[in-house]
Amino acid sequence: MKRKVTKAIFPVAGLGTRFLPATKSIPKEIMTLVDRPLIQYAIDEARAAGIKEFIFVTSRGKGALEDYFDHAHELESTLRRAGKDHLLEALRDTNMESGAIAYIRQHKALGLGHAVWCARRLIGQEPFAVILPDDVIAAEKPCLQQMVEAHCETGGNIVAAMEVAADKTSAYGILDIREDMGALVSVKGMVEKPDVKEAPSNLAVIGRYILTPKVLQHLSRVKSGVGGEVQLTDAIAEEITRSNNVYGFRFRGQRFDCGSKAGFLQATVAFGLAREELHDEFIQFLISMTATRKAAE
Ligand code: UTP
């Protein structure tokens with residue numbers, strides 16, 4: 001019988017150097033898209049997919065992230081007294097059920113693979129999800145939910161994938177496709193950040209995974225790879241060799257790389273425009289900015 005996916009790992013122990021100096025004191029995952037931190041988008045997506053246990057792999061300086069999920073009793077009672085129910089409602093999504101959330105420390109930023117491995121004792125013998133909160137995905141049906149549904153059919157391991165421009169393959173893990181079945185592809189290999197000439201395809205892996213515990217066993221053995229980091233890609237590639245049980249999944253939606261400045265700005269525009277209460281004022285502003293720029297050129 002296929003096991004349900006009820007646990008998700010959120011690796012949030014990276015240094016976030018691309019956002020220095022902001023990330024000197026603010027965790028990247030607390031940075032705000034419109035009015036919610038990146039981590040809230042990730043949690044909402046996980047909840048929609050049926051996740052019940054949320055495992056954060058954190059590091060030094062991420063205290064703000066832990067505080068974010070605590071009850072803010074004083075703030076809540078002030079809002080209650082003032083009758084600000086809509087604000088109380090907004091806070092409700094930040095509250096986590098007791099015992100639903102766990103924090104594990106990654107003592108040194110040795111790479112994404114190492115961060116996931118740090119959570120191994122909380123996973124046990126069931127499939128689990130991995131969500132990278134700096135990949136924010138706008139989708140009618142949340143991306144992880146789409147993947148959980150696909151997983152009910154396939155079992156095994158599923159990585160979210162999207163086509164990228166050929167000259168961008170060196171920024172991603174890239175899939176070597178065995179069979180293309182449309183939304184799903186079966187995979188015969190996976191390469192981390194290949195040069196354009198060596199890339200087996202232009203189908204890139206982004207920050208959503210459903211993995212089997214076997215991948216955690218491979219992580220115990222893989223040596224550091226590209227960039228001197230322990231790569232999750234290498235452990236998944238090992239699983240492909242051993243079990244032939246890895247699929248790429250072309251999700252429906254638009255992914256924003258909020259780990260980069262350009263991606264974060266694009267997400268701010270897209271999510272700002274998607275908000276009914278902001279749309280008109282914001283679009284007027286964008287139009288006038290574009291016109292001013294054009295006139296100046
Ligand atoms: P990134 O490659 O974006 O690295 O990590 P980073 O440190 O967060 O940011 P930059 O590149 O220095 O700007 C992708 C994901 O993996 C996590 C990060 O927190 C992020 O969610 N990660 C990365 C870890 O948890 N531990 C690590 O050792 C490395």
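One-based numbering, in listed order, for ligands and for the atoms of each. The structure displayed is predicted, hence computed values, not measured ones.
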For ligand 1, is there an N or O atom under 3.5 Å from any N or O atom of Val57?
no

Looking at the rings of Tyr41 and Phe271, which for Trp means the six-membered one, are their centres under 6.0 Å apart?
yes

Is Ile158 reachable from Ile240 through a run of I, L, V, M, F, W or Y residues, each pair having side-chain heavy atoms under 4.5 Å apart?
no

Numbered atoms of ligand 1 (with element) below 4.0 Å of Gln106, judged on heavy atoms
24 (C), 25 (O), 26 (N), 27 (C), 28 (O)

Is there a polar contact between ligand 1 and Pro133, counting only N or O atoms under 3.5 Å apart?
no

Heavy-atom donor-acceptor pair, Gln254 side chain to Ile137 backbone, under 3.5 Å:
no

Proximity to ligand 1 by part of Ala109, non-hydrogen separation under 4.0 Å:
both

Donor-acceptor side-chain pairing of His114 and Glu229 below 3.5 angstrom:
no

Protein contact to atom 3 (O) of ligand 1 [nearest heavy atom, distance to 0.1 Å]
Arg18 NH2, 2.9 Å

May I ask you to decide if Asp135's main-chain N or O and Arg208's side chain share a donor-acceptor pair within less than 3.5 Å?
yes

Protein residue, atom and distance nearest to atom 28 (O) of ligand 1, heavy-atom basis
Gly111 N, 2.8 Å

Look at atom 22 (N) of ligand 1 and say which protein heavy atom is nearest, naming residue and atom and giving the distance to 0.1 Å.
Gly14 N, 3.7 Å

In the protein, what heavy atom is nearest to atom 16 (O) of ligand 1, and what distance, to one decimal place, separates them?
Leu112 CD1, 3.7 Å

Do you see a donor-acceptor pair shorter than 3.5 Å between the side chains of Asn157 and Thr212?
yes

Taking atom types as modelled, is there a side-chain donor on Tyr68 or Gln40 under 3.5 Å from an acceptor on the other?
yes

For ligand 1, which atoms sit closer than 4.0 Å to a heavy atom of Leu110?
28 (O)

Side chain or backbone, does Gly259 bring an N or O within less than 3.5 Å of an N or O on ligand 1?
no

Does even one non-hydrogen atom of His114 get within less than 4.0 Å of ligand 1?
no

Could you list the atoms of ligand 1 found under 4.0 angstrom from a heavy atom of Ala115?
24 (C), 25 (O), 26 (N)

When the ring planes of Phe282 and Phe285 are compared, do they come out parallel, tilted or perpendicular, using 30° and 60° as the limits?
parallel

Across all chains, not counting sequence neighbours, the ring-ring contact (aromatic ring centres under 6.0 Å, His included) partners of Tyr103 are Phe56

Taking side chain to side chain donor-acceptor pair (under 3.5 Å) as the test, write out the residues that go with Ser243, two or more places apart.
Glu239

Test your reading of the structure: does Leu15 have an N or O sitting under 3.5 Å from an N or O of ligand 1?
yes

Closest non-hydrogen protein atom to atom 8 (O) of ligand 1, residue and atom name please, with distance?
Lys28 NZ, 2.7 Å

Starting from atom 17 (C) of ligand 1, find the nearest protein heavy-atom neighbour and note its residue, name and distance.
Pro11 O, 3.6 Å

Answer yes if a protein heavy atom lies under 4.0 Å from atom 26 (N) of ligand 1, otherwise answer no.
yes

No-hydrogen, no-angle side-chain donor-acceptor test under 3.5 Å, Gln284 and Asp280
no

Within-cut-off N or O pair, Thr17 and ligand 1, under 3.5 Å:
yes

